[in-house]
There are 2 protein chains.
Amino acid sequence: MINKDSVQNTSIINNLTKYVTFSDEELDNFFELGELATFKKNQTLVHKGKESSPFILIKQGCLMTSYIDEGDFRHVIQFGIDNWWTGDLNSFMNNEPSIYSIKAMTDVEVLTWNKENFDLLCAFSPNFERYFRILFQNSLISHQKRIIRNISFSAEQKYLTFLKNYPKLELIVPQKCIASYLGITPVFLSNLRKKLSGK
Amino acid sequence: MINKDSVQNTSIINNLTKYVTFSDEELDNFFELGELATFKKNQTLVHKGKESSPFILIKQGCLMTSYIDEGDFRHVIQFGIDNWWTGDLNSFMNNEPSIYSIKAMTDVEVLTWNKENFDLLCAFSPNFERYFRILFQNSLISHQKRIIRNISFSAEQKYLTFLKNYPKLELIVPQKCIASYLGITPVFLSNLRKKLSGK
DNA sequence: TGCTTTTATTAATCTAGATTAACAATTCAT
DNA sequence: ATGAATTGTTAATCTAGATTAATAAAAGCA
């Protein structure tokens with residue numbers, strides 16, 4: 001059974017209560033409405049164009065969200081690690097097929113909520129509404145910063161910022177995925193790394 | 001007095017109630033805690049690095065948010081028009097000086113909330129918490145789409161998408177601001193427009 | 001363990017878009 | 001209306017980063 005008493009949930013609870021104070025009952029509800037799942041490295045949790053995306057909280061491991069364009073070209077749009085929320089929000093909220101695919105970059109343990117249970121959670125207590133308001137708000141702020149970087153940074157600046165923001169990912173994720181996330185080619189990233197290492 | 005009865009507020013109310021059902025009392029509160037203000041074209045409502053940003057709802061007109069980098073180079077990061085929310089969210093929420101500057105591109109009429117009143121509003125009714133949760137959620141979805149465009153679109157595709165998304169802005173806003181928003185140079189946008197007009 | 005597939009590197013060439021600069025067209029203030 | 005300042009255009013040149021292709025290294029699998 002998944003509930004707040006599981007020792008392993010302490011880090012998630014710490015994260016939840018960073019923004020909002022939840023009662024024990026609320027926390028119980030949170031875990032009871034979620035579903036625990038594990039995936040092996042390289043498994044795909046959400047298939048582009050097929051099922052709708054759940055709302056995903058990563059307990060441990062790393063997920064990669066990517067978008068495949070008309071030319072069948074894959075663009076990495078997000079990495080998620082321990083304690084991060086991820087998923088195709090639009091797909092989740094409107095029960096549409098996901099436009100992204102979400103893949104496990106390591107063995108991964110996640111909690112997922114479907115739309116129905118998410119709605120129950122929000123209906124159960126406005127504290128959840130508040131929690132997600134703040135979660136989305138913060139995510140919005142970091143998305144805005146990312147857009148600024150996209151518009152105004154050189155490839156080198158983008159890469160260095162990435163290393164600063166996600167120090168652990170460099171070791172976990174293939175270089176070509178990092179290149180894609182940054183919007184540059186793997187060949188150019190390789191050149192860049194060579195140049196930087198010689199500095 | 002600003003309240004829900006003002007004829008001129010109907011379009012704002014329609015917008016609010018698109019997501020959440022509000023009581024008359026809630027709507028009264030919403031307008032009473034907000035402050036009505038008008039600005040002339042080219043006036044700056046929020047100065048980068050000085051005051052913190054309010055949370056702004058545009059009643060009518062057009063606002064432009066821009067970021068000035070270390071090299072004193074201006075990057076337009078958002079346009080806002082009738083019924084849009086805008087402001088430096090991070091500055092607003094944490095009472096820090098704004099990192100953006102926000103300028104009126106036309107004569108403009110806005111409603112603004114300071115952090116204190118925003119908190120009162122959310123404390124007054126969870127419906128507001130819910131409204132802003134959904135507002136930020138939708139904004140997040142469109143920011144993600146914009147990031148995909150940034151990463152994967154050519155300058156031409158970006159410009160054509162911009163025209164589709166903001167058909168009215170082309171006439172209101174100087175071309176160089178549109179170029180900046182798209183992350184290209186005004187010279188290149190000019191070339192692009194010439195090429196497109198010849199098609 | 002060796003074989004296959006995927007990923008990373010290196011080098012050569014190419015191009016979308018930047019930069020510079022000079023000129024034309026608008027906009028703005030008096 | 002008129003001159004000054006801002007914005008837009010055009011053309012020439014330059015460069016960050018893309019593309020292609022061949023090779024090396026690493027990872028996955030029987």
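Here is how names work: the chains are called A, B, and so on, in the same order as the sequence lines, proteins then strands, and each is numbered from 1.
- The CZ-P distance, from A:Phe188 to C:dA8, rounds to 17 Å in whole Å.
- A donor-acceptor contact shorter than 3.5 Å links the side chain of B:Ser91 to the backbone of B:Glu96.
- No salt bridge links A:Asp107 with A:Lys41; every basic N to acidic carboxylate O contact stays at or beyond 4.0 Å.
- If you measure from atom CZ of B:Arg193 to atom P of D:dG8, you get 9 Å, rounded to the nearest angstrom.
- At D:dA18, one or more side-chain N or O atoms of A:Thr185 fall inside 4.0 Å of OP1 or OP2 (strictly under the cut-off).
- B:Met105 places its CE atom 15 Å from the P atom of D:dT6, with the value rounded to the nearest Å.
- Between the P atom of C:dA8 and the CD atom of A:Glu170 lies a distance of 11 Å, rounded to the nearest Å.
- For B:Arg74 and D:dT6, the CZ to P distance is 13 Å, given to the nearest whole Å.
- Between A:Tyr131 and A:Tyr19, the closest heavy-atom pair is CE1-CD1, 3.5 Å.
- Atom P of nucleotide D:dA27 and atom NZ of A:Lys176 are separated by 14 Å, given to the nearest angstrom.
- Comparing A:Ser190 and B:Lys158 by the nucleotide of DNA chain C that holds the closest heavy atom to each, the one mapping nearer the 5' end is A:Ser190.
- Between the C1' atom of D:dA26 and the CD atom of A:Gln175 lies a distance of 12 Å, rounded to the nearest Å.
- Protein atom CD1 of B:Ile184 is 11 Å distant from nucleotide atom C1' of C:dA16, rounded to whole Å.
- Cation-pi geometry between A:Arg146 and A:Tyr181 is met: under 6.0 angstrom from the ring centre, within 45 degrees of the axis.
- Between C:dT10, C:dT7, C:dG17, one nucleotide has an atom nearer to the side chain of A:Lys194 than all others, and that is C:dT10.
- Residue A:Lys41 is classed as a sugar-phosphate contact, given heavy-atom separations below 4.0 Å to backbone atoms only.
- Each of B:Val187 and A:Cys177 was assigned the nucleotide of DNA chain C with the nearest heavy atom; the assignment lying further toward the 5' end belongs to A:Cys177.
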